[in-house]
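Structure, as structure tokens:
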Number of protein chains: 2
Amino acid sequence: MVRQPQINAQNRAPLSIERIIEAALQIVDGQGLSRLTMRRLGDALEVEAMAIYHHLPRGKEQLLDGLVMHVAAAPADAAADADLRDWARGYRARLLAHAGVLPLLVTRRNPAALATTVASLREVLRRGAVPEDVAAVTAHTLLGYVIGHAALEVRGTEEDGADRTVDWDARFAAGLDLVLRAA
Amino acid sequence: MVRQPQINAQNRAPLSIERIIEAALQIVDGQGLSRLTMRRLGDALEVEAMAIYHHLPRGKEQLLDGLVMHVAAAPADAAADADLRDWARGYRARLLAHAGVLPLLVTRRNPAALATTVASLREVLRRGAVPEDVAAVTAHTLLGYVIGHAALEVRGTEEDGADRTVDWDARFAAGLDLVLRAA
DNA sequence: ACCTGAACACCGTTCAAGT
DNA sequence: ACCTGAACACCGTTCAAGT
């Protein structure tokens with residue numbers, strides 16, 4: 001019986017930041033943000049909670065920043081011919097897939113994560129040969145719209161103020177047209 | 001020496017939901033959301049924390065809902081001739097004045113609070129004689145933009161991706177033009 | 001280097017008791 | 001009716017100790 005070198009004495013793969021973030025994301029997506037505790041995260045990783053601090057010295061703050069970073073990172077498969085509409089659709093899908101992280105992403109002061117997102121959006125604008133000053137406004141307007149709309153979708157019910165069922169996909173597309181028509 | 005009727009045996013005004021919400025808002029705006037604890041709130045009200053539960057039986061959940069409701073409520077002084085631009089500016093100012101509540105407002109499932117906001121926005125659209133189907137899209141698009149942009153302002157630094165200082169007021173106004181030009 | 005166990009200073013909340 | 005005191009089951013985190 002050959003023992004793998006990366007298996008330690010307790011016969012488990014050692015902890016890593018990646019595994020910790022992944023497990024945390026699973027808890028948040030499955031049970032909600034309020035259920036993410038260091039002790040529960042430790043359980044999920046089959047480790048005492050205190051072991052996590054060895055990999056994340058800044059503790060829970062660093063864990064939450066890691067979650068935001070993970071969701072804020074640009075979709076890896078951003079095709080070279082993706083336009084603004086594709087980018088917005090992709091980013092919205094990402095936000096809704098990790099709706100539990102949205103409160104963190106929306107309001108934690110995390111310039112690095114925000115910069116990553118803006119950079120990927122700016123890259124799309126650059127490929128579209130949009131002038132620099134227009135691009136700055138467009139980037140923030142579009143990003144604001146996508147984030148804000150995702151928040152509405154998470155907050156809202158299926159009714160709008162006029163007692164009609166809301167098709168959020170269609171509503172998002174219509175708003176996107178509105179924002180991009182002028183851009 | 002005349003004793004006011006609303007002064008109780010301990011010589012203090014009795015607790016009320018309004019006073020509790022107001023004190024909570026003061027803590028959140030001054031020290032941040034994470035500093036809002038039932039015990040600290042009790043201290044601020046010169047009362048044991050447990051007294052709060054007599055007025056808010058659902059406890060902290062109800063307290064947070066109350067904060068969201070307070071910020072989401074339409075500005076009382078909405079002038080009869082206010083247009084969409086005025087509404088958006090007023091709502092943004094409200095969000096930024098209570099930036100600490102933003103994470104709650106953005107993502108707590110609170111249909112009542114959202115409905116209140118949408119209703120006040122719809123009222124402005126109605127005065128502008130905007131057709132019903134257009135109004136539905138415009139309301140969500142504009143609201144999404146305002147909320148999302150406020151979130152960007154809170155998250156961001158004074159730098160944007162191109163290393164230029166961002167004038168958030170001007171940036172908001174420019175994006176607002178973009179959104180409203182098409183509407 | 002990596003993890004554990006016990007401990008500390010907090011939380012939100014319940015519940016019986018006081019006035 | 002309104003508030004208090006003590007208690008319970010949790011938190012995040014520190015720190016000495018184990019391997």
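Below, each value reflects all heavy atoms present in this structure, side chains not excepted, and no hydrogens, waters or symmetry copies. Proteins come first, then strands; the chains are lettered A, B, ... in the order of their sequence lines, and each starts at number 1. What you see is a predicted model; the values in this text were computed from it and never measured.
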- Task: Considering non-hydrogen atoms only, spot the tightest contact between B:Ala72 and B:Ala113 and give its length.
- Result: CB-O, 3.8 Å
- Query: Do the rings of A:Trp87 and A:Tyr91 sit parallel, tilted or perpendicular, given the 30° and 60° boundaries?
  - Reply: parallel
- Message: Just to verify, which of B:Leu64, B:Leu36, B:Leu33, B:Leu67 counts as forming a side-chain contact (heavy atoms from CB on, under 4.5 Å) with B:Val101?
- Response: B:Leu67
- 5'-most contact on DNA chain D (nearest-nucleotide basis), B:Arg39 vs B:Leu15, goes to B:Leu15
- Distance in Å, B:Asn110 CG paired with B:Leu104 CG, rounded so as to fall on 0.5 Å steps: 10.0 Å
- Note on the structure: Separation of D:dG12 atom P from A:Leu41 atom CG, nearest Å, is 9 Å
- Give the rounded distance in Å between these two atoms: CE of B:Met50 and P of C:dG12. 9 Å
- Query: Quick one: A:Met38 CE to D:dG12 P, roughly how many Å, whole number?
  - Reply: 7 Å
- Query: Any side-chain heavy atom of A:Arg171 within less than 4.5 Å of one from B:Val137?
  - Reply: yes
- Measure up the B:Trp168 and A:His140 rings against each other and bin them: parallel (under 30°), tilted (30 to 60°), perpendicular (over 60°). tilted
- Item | Which nucleotide in D:dG12, D:dA1, C:dG12 has an atom nearest any side-chain atom of B:Tyr53 | C:dG12
- Can you find a side chain N or O atom of B:His55 that sits less than 4.0 Å from OP1 or OP2 on D:dC3? yes
- Task: Using whole Å, report how far CG of A:Leu63 lies from P of D:dC11.
- Result: 14 Å
- In whole angstrom, give the distance that lies between atom CZ of A:Arg35 and atom P of D:dG12. 12 Å
- Message: Could you tell me how far apart B:Arg40 (CZ) and C:dT13 (P) are, to the nearest whole angstrom?
- Response: 15 Å
- Query: Are B:Asp177 and B:Arg85 within salt-bridge range, i.e. N to O under 4.0 Å?
  - Reply: yes
- In whole angstrom, what separates B:Leu56's CG from D:dC2's P? 13 Å
- Message: From CD of B:Glu61 over to C1' of C:dC11, roughly how many Å is that when rounded to an integer?
- Response: 14 Å
- Message: As a test of your reading of the structure, name each stem of DNA chain C as range with range, where a stem is three or more consecutive Watson-Crick or G-U pairs at under 3.5 Å.
- Response: C:4-8 with D:12-16, C:12-16 with D:4-8
